Q: 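I'd like to ask you about the structure that follows.
Everything numeric here is computed off the predicted structure, so don't read it as measured data. The first residue in the sequence is number 1, and the count goes up from there.
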Amino acid sequence: MRRLFTNLGMLQVFISGLLVFVIMFVSTLFIYRNLISGIYEKVSENNGLVVQSIVQSLDNSFRTINNIIYTIHRLPPYDSLALTADNHVQMLKVQELVQNLETLISTVDYIEEVVVFFDSSNLAVTSKGTSSFDLLFNTKYNHASYNADYWRAYAKAQHPFKLFSAEEYTIYSETNRQTRTENLIMAVAGNKMSASSKQIIIMINSDALMKHVNQQPMIPGATLTMLDQDRNIVYSTGKQLDIVDILNEATLSANADTSLTKENFEYNFYYSDYNDYTYIEKVPYRFQNLGTVEKANYMIMLLACVSAIVVAVSTSLYMHRPVRKIIRQLGGGNSKGDDFRKIHSGIVKLQSENDTYRKQISSYDAEQFRYIFLRVLHGQLHHEEHDFQLQKYYTRFFSEKYFVMVKFELDVSDEGTVSVKTVEELASVLQEGMSQLQLSGTVIYDHTAYIALIGMKAPEDKDVWLRRARQSLAGLGKHELNGYSCRGCVSKVYISELENCQHAYAEVNNASLHRQVNEGDILLDAESVRLVWNAYLPFERLEKLSNYILTGKADEGIAIIKQTMQENIARNVHYYQLEHIAKTIFFYLINIAGGLGNAPQQLYELEHEFLQQLDSRSNGAAIENALVKVAQHLSRLSKTEPKNKLNPVYIAQYIELNYMKDLYLDHIAEVMETSPKYFSYFFKKSFGVNYVEYLNKVRLTHARELLKDTNDSITEIAEKTGYSTLSSFTITFKKYMGISPTDFRKQIDL
């Protein structure tokens, strides 16, 4: 035995068994000593507080009833309701009394009805109207003993305020002509010292009253009995008590609560501070036969002690050999030390290695599938090994007889607020969206898009799937893909064959290029694509734009860019056409700005960044913003460029600022500190046109604006744009514009 326990692991098993015994012993002893007596005393104490609260609530309820009675006595009419010559006026007062009664009891949910009557009249006034006194108590509120004659006789006698014990009344409803039974307590107002001649009966619904005072927290099985000043039972929540015996045995005191124990019950007496009522609570007395419980607890503790020792010893002996074998299997040659710690560390190590292997195999398999899938899409040749791999993944390619190919394009729409995901995470999100649609297929990342083959049992299933897929993508855009703009293209339905994958791939790529910029469909059907050719890019805008940018007028240049892009978006051109327009504007600006002395490296970086942004943008607004950033950058660059000698930026700025003057070639060559011949050569090389042609285009650009936006005469416009005579202006304008200035203005007016 000693040799067995030299091992720390076996000792741990033995000590664990003993610890179980100790815990069972201590817990059982604690329960034995505290559960029975302690819990009962606490519950009894809390129940007393509950009953005191109920008594106080009942007192408040009776205060409310007394206040209502007092208020009714003060309401007109005060005298008898006997018919007089002024009967009409008397009935108006009665109707006013009905309304007042309804208002008084509307907020008291435990009052069933209030009845006001006079000794000299058979008319009974209630909150619901007037009625015959006999009809009210013989038909509507029917009781074998308490009928109309009884209440009329009781009312004529002198009496104080009294609560009649709860009785079962049959109530007739005139609305649905049905009857129901309710336990009612009749509260009859006293008439000994009443200032008015009214007789008042308030019907209290006993069930609603007890619900109002909330008797639920009382001990289960406990009852509450209410006695009036004369020790008559008014109401009891259980079987009525033998009041005579209990009152004879109890020593009642009006100033203190008392208790009485009789048989298996305890009777607690509570007294009202308001109306001298007595409340008797009957609760089950504390648990009996404690001796039997005590013996049972001792037997439980003894059996727990013996069982814990036996289990601890037998478990230690039984586990000694298996533990040694497990440790050797896990590579632990040394048998000394904490055996279970060694087993645990070995298992954790094996689990970690298995998880690593599974992740590596899964990653390799996914990458291999992606590689094979992309080779199939691009129609690349493959050798025999790839044929074997194709057979392996064939069921992942085609799960049904037909398929459609989907191309998803994702772009960050708000880089400042969204947490950018990796391509693997985005592919996983799209894959999960397909799984929710109960569709088979694997999402593969391909350059800037995600490709998936969706299996379909029949071609007509495509329309149903498209509706569900659009809803799914819209949901992903609000949650998992929040902050991303998502669009997709779907091919037509193909038969599940490898060669059809290339056709489907070409179809979705072509549909993606020919998507119109205002296309609102998040998932575009390639078969619905329609071709348009109405792109908008007037050459004169490019000239004007370049002048603004090179002269540092960024705001005016940006306005032209936005106007041009918005015009194309309004025309709903294809997305690839919008990209070409953006590239044309960009390269035109870069070509003009290429002469900046210190700019080549910056322009190269600007070009690289712009083209990269263009590839990743998915809407016209994003492309427009990319162009605006380029214009702002070039405008800042032109402002920092030194303005001396032959500098293209300085030349453009000088012409833009002085085009209205006589800018002869000799004059501007002198300003640029060079010869006219060399300036003409340098200008043609830098701007692609000769100096005179460039100057005329700048002047005519401003002339067109003046013709459009002002009412100046043609002669005034010619002078403002640098032409010495009207004829030279007209000839030049017609040469470049193909129309005279006068006709040009007429076309604008039309």
Q: Any chance the side chains of Ser728 and Thr725 put a donor and an acceptor closer than 3.5 Å?
A: yes
Q: Looking at Glu670, I want to see if its CD is surrounded by more than 12 non-hydrogen atoms of other residues, nucleotides or ligands under 6.0 Å.
A: no
Q: Under a 3.5 Å distance rule, please check whether Asn690 uses its side chain to pair with a backbone N or O of Glu693 as donor and acceptor.
A: yes
Q: Please determine whether salt bridge (charged side-chain N to carboxylate O under 4.0 Å, His left out) holds for the pair Arg571 and Glu567, giving the CA-CA distance in whole Å, both sets of side-chain angles, and the decisive distance to 0.1 Å.
A: CA-CA 6 Å; Arg571 295 186 178 203; Glu567 176 67 23; 3.0 Å; yes
Q: Taking Ser680 for its side chain and Lys677 for its backbone only, find out whether a donor-acceptor pair lies under 3.5 Å.
A: no
Q: Can you list the residues that meet the ring pair (Phe, Tyr, Trp, His ring centres under 6.0 Å) rule with Phe683, with sequence neighbours excluded?
A: Phe679, Phe687, Tyr691, Tyr694
Q: Does either side chain, that of Ser512 or that of Asn509, offer a donor lying less than 3.5 Å from an acceptor on the other one?
A: no
Q: If we ignore angles and hydrogens, is there a donor and acceptor under 3.5 Å between the side chains of Glu499 and Tyr494?
A: no
Q: Treating Ser496 as the side-chain partner and Glu400 as the backbone partner, does any N or O pair qualify as donor plus acceptor under 3.5 Å?
A: yes
Q: Is it the case that Arg699 places NZ or CZ above or below the six-membered ring of Tyr723, under 6.0 angstrom from the centre and within 45 degrees of the axis?
A: yes
Q: For the pair Asp463 and Glu460, evaluate side-chain contact (heavy atoms from CB on, under 4.5 Å) and give the outcome as yes or no after the intermediate values.
A: CA-CA 7 Å; Asp463 293 336; Glu460 54 269 19; over 6 Å; no
Q: Checking salt bridge (charged side-chain N to carboxylate O under 4.0 Å, His left out) for the pair Lys492/Glu527: CA distance, chi angles, key distance, verdict?
A: CA-CA 6 Å; Lys492 67 180 181 182; Glu527 295 181 278; over 6 Å; no
Q: So, Lys462 side chain and Ser491 main chain: donor-acceptor pair closer than 3.5 Å or not?
A: yes
Q: What distance separates Gln566 CD from Thr564 OG1, expressed to the nearest 0.5 Å?
A: 10.0 Å
Q: Set out, in order, the CA-CA distance, both residues' side-chain angles and the distance that settles side-chain contact (heavy atoms from CB on, under 4.5 Å) for Asn568 and Gln577, then state yes or no.
A: CA-CA 9 Å; Asn568 282 283; Gln577 293 173 339; over 6 Å; no
Q: Whether the His633 and Glu605 side chains hold a donor-acceptor pair (N or O, under 3.5 Å, no angle test) is what I'd like checked.
A: no
